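Down below is the structure, laid out as structure tokens.
Whatever order the structure lists ligands and atoms in, that order sets their numbers, starting from 1. Here, residue 1 is the first one in the sequence, and each next residue gets the next number. Keep in mind the model is a prediction, meaning the values are calculated, not measured.
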Amino acid sequence: MQPIDRRTALTLGGLGLLGTAVGGGGLFWQRSPSTLDALTGAALQEPEVLRSRGGLLDVRLESASGSHEVAGRRATTLGYNGGLPGPTLRIRPGDTLRIQLVNRLEQPTNLHVHGLHVSPEGNGDNVFVVVEPGDSFSYEYRLRGDHPPGVYWYHPHHHGMVADQLFGGLYGAIIVEDTNAVPVTRERVMVVSDTSLDASGQILTPSTMEQVMGREGSLVLVNGQAAPVLEARPGERERWRVLNACSARYLSLRLDGQVVQLLGRDSGRLAESLKVEDVLLAPGNRADLIVTAGRRRSVLRAEPFDRGGMMGGMMGGGSALRSGGPVDLATFEVRGSPQAELAPLPRQITPRDLRASEVSRRRVLTFQMGMAGGMTGGGSSGGMSFTIDGNTFDAARVDQKVAVGAIEEWTIRNVGPMDHPFHLHVWPMQLIADNGAPVETPMWLDVVNVPARGEVTLRIAFDDFGGRTVYHCHILDHEDRGMMGVVLAE
Ligand code: C2O
Ligand code: CU
Ligand code: CU
């Protein structure tokens with residue numbers, strides 16, 4: 001077996017070709033039986049579903065602290081409408097989504113619709129809006145008729161409090177329906193999140209050092225449940241909409257023993273579904289998967305993922321960060337009489353391929369993590385600064401000015417020892433090159449991992465909308481510490 005370096009793994013992981021390279025599946029399978037016996041989870045439950053009607057979905061989301069069931073026990077967490085995750089919003093291209101956000105927290109919040117291609121201005125996807133405790137705000141998002149179908153999500157975006165509010169339980173899925181139905185036996189929405197609870201069921205605040213690294217909770221949940229069970233009959237075809245809502249944890253997912261096909265990631269579709277062994281979701285990423293049940297049960301597992309560490313030996317031996325464990329997320333239980341095959345999966349409409357397009361401007365953005373020298377990072381940064389092009393976030397500054405309609409090429413360079421998942425609001429990004437190596441299968445993402453001491457090249461069509469919005473590291477502790485910039489399209 002050829003050794004595979006992490007960088008290569010990142011590229012392949014996205015396409016799911018990694019499987020055979022790491023342990024060949026069999027290794028993991030052998031370990032499974034003992035783990036399986038330990039899993040006694042309840043059936044997977046899904047959040048309430050709210051669907052658009054006649055082109056409109058009008059919902060009220062109340063963010064509040066309360067007593068919620070988390071991993072089978074009562075806990076005091078945050079939640080939207082008393083649930084964790086919040087309701088799943090199902091809309092169609094061309095729809096209007098109205099959300100009245102009511103803030104019952106004791107601190108400011110707001111709302112962001114991650115991945116949706118909608119206006120960032122006014123009461124659109126405007127992250128500069130602040131909703132004070134006791135106040136409410138009415139957002140309205142208008143989707144174009146050609147909005148890409150896929151898995152999106154909503155979460156708070158009030159700078160400085162984003163990691164705490166997500167870790168506390170504020171997140172939910174948004175599904176933009178397909179225009180051509182994909183034939184499946186059933187569909188599941190699986191929101192993966194992590195958090196930590198103390199003995200009395202209160203959310204634990206991670207140490208400053210854990211925050212600097214990017215907090216990872218000790219509980220990894222699917223729809224708020226620990227190790228739930230999914231049941232299917234042999235031959236059934238399921239569609240899994242998987243969302244990584246963790247504040248910092250990467251999910252390198254495997255489901256050995258079943259046939260898994262990738263339909264798309266984030267807003268991007270593949271023309272033809274791709275058989276995968278492994279799917280890597282950086283924080284904020286989503287996968288749209290087809291799972292065809294085989295003949296036996298298996299475990300949906302997050303394999304350890306090395307996302308770099310701190311400053312070499314500085315932290316005492318160079319603490320490497322390994323997301324996960326492995327962590328068993330869920331059991332896929334296959335039993336009953338075999339089911340007949342369904343119609344083949346249709347071809348999908350892919351976004352415009354920008355590889356052959358003329359680029360009007362090239363930019364390089366440099367992500368850096370260093371010792372906080374001045375006052376930029378504030379007192380809570382644990383002595384570290386998180387910058388893009390040497391700056392921490394300033395809502396009053398415009399860092400990149402782009403022309404509406406322009407196609408630009410952005411190289412995101414990471415000069416630090418830790419990976420940073422790069423996220424841009426409003427406009428999807430096409431991954432062109434990963435550490436200089438051209439990407440063969442066109443891939444459109446809204447979160448792209450930038451490996452430690454590496455770089456990625458992206459192309460972005462700044463189509464349809466003008467206005468001011470942000471790009472940032474989706475390790476939310478880093479975002480909160482200033483690893484965010486402002487882009488203005490006009
Ligand atoms: Cu999912 Cu700016 O965030
Ligand atoms: Cu976003
Ligand atoms: Cu980061």
Side-chain angles (χ1 to χ4, degrees), residues 85 109-120 124-129 139 141 150-163 165-167 170-174 191 193 210-216 243-250 266-267 281-286 307-310 321 323 365-370 377 381-382 384-388 392-393 395 412-429 445-454 456 468-487:
T109 190
N110 63 9
L111 197 74
H112 166 50
V113 284
H114 179 130
L116 288 188
H117 180 56
V118 293
S119 168
D125 188 23
N126 184 346
V127 292
F128 301 103
V129 165
Y139 291 92
Y141 314 101
V151 193
Y152 302 90
W153 61 303
Y154 58 91
H155 64 76
H157 216 290
H158 180 68
H159 182 60
M161 299 179 178
V162 182
Q165 293 186 2
L166 264 98
F167 203 65
L170 294 174
Y171 40 78
I174 300 173
V191 180
S193 63
E210 285 171 301
Q211 293 181 36
V212 163
M213 307 276 241
R215 66 185 75 186
E216 295 192 11
L243 150 57
N244 184 355
C246 298
S247 298
R249 181 185 291 270
Y250 286 59
D266 298 356
S267 67
L281 298 181
N285 278 141
R286 292 85 62 207
R307 58 184 177 92
M310 293 283 286
L321 276 169
S323 275
L365 279 67
T366 304
F367 278 55
Q368 187 157 25
M369 194 180 126
S381 46
M384 304 299 295
S385 69
F386 292 87
T387 58
I388 303 173
T392 52
F393 175 65
I412 316 299
R413 193 165 283 161
N414 177 358
V415 295
M418 202 192 282
D419 290 12
H420 298 291
F422 177 74
H423 173 49
L424 171 67
H425 287 208
V426 180
W427 303 278
M429 308 181 281
L445 297 159
D446 52 56
V447 179
V448 177
N449 191 52
V450 191
R453 298 191 179 88
V456 297
R468 206 163 60 102
T469 190
V470 293
Y471 51 85
H472 57 87
C473 175
H474 218 288
I475 289 179
L476 300 172
D477 287 299
H478 295 175
E479 177 199 339
D480 283 336
R481 282 175 167 69
M483 204 171 235
M484 175 153 73
V486 174
V487 53

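Separation of the His159 and His157 ring centroids does not fall under the 6.0 Å cut-off. Checked against a 6.0 Å centroid threshold, the rings of His478 and His472 do not count as neighbours.
Inter-residue side-chain proximity for His474 and Glu479 is flagged as unmet; no heavy-atom pair is nearer than 4.5 Å. At least one side-chain heavy atom of Asp266 sits under 4.5 Å from a side-chain heavy atom of Asn285.
At least one N, O or S atom of His472, from either the backbone or the side chain, sits less than 2.8 Å from atom 2 (Cu) of ligand 1. Residue contact annotation: His420 places an N/O/S atom under 2.8 Å from the Cu ion (ligand 3). Put simply, His112 stays out of reach of atom 2 (Cu) of ligand 1, with no N, O or S atom under 2.8 Å from it. Residue His112: an N/O/S atom is found under 2.8 Å from the Cu ion (ligand 2). The distance from the Cu ion (ligand 2) to the nearest N/O/S atom of His423 is under 2.8 Å.
A side-chain hydrogen bond (donor to acceptor under 3.5 Å, both in side chains) with Asp446 is found for one member of Arg286, His425, His117 and no other, namely Arg286.
Here the N, O or S atom of His478 that is nearest to the Cu ion (ligand 3) is ND1. Atom 2 (Cu) of ligand 1 sits nearest to atom NE2 when only the N, O or S atoms of His425 are considered.
The aromatic rings of Phe393 and Phe128 sit parallel, their planes meeting at an angle under 30°, below the 60° perpendicular limit.
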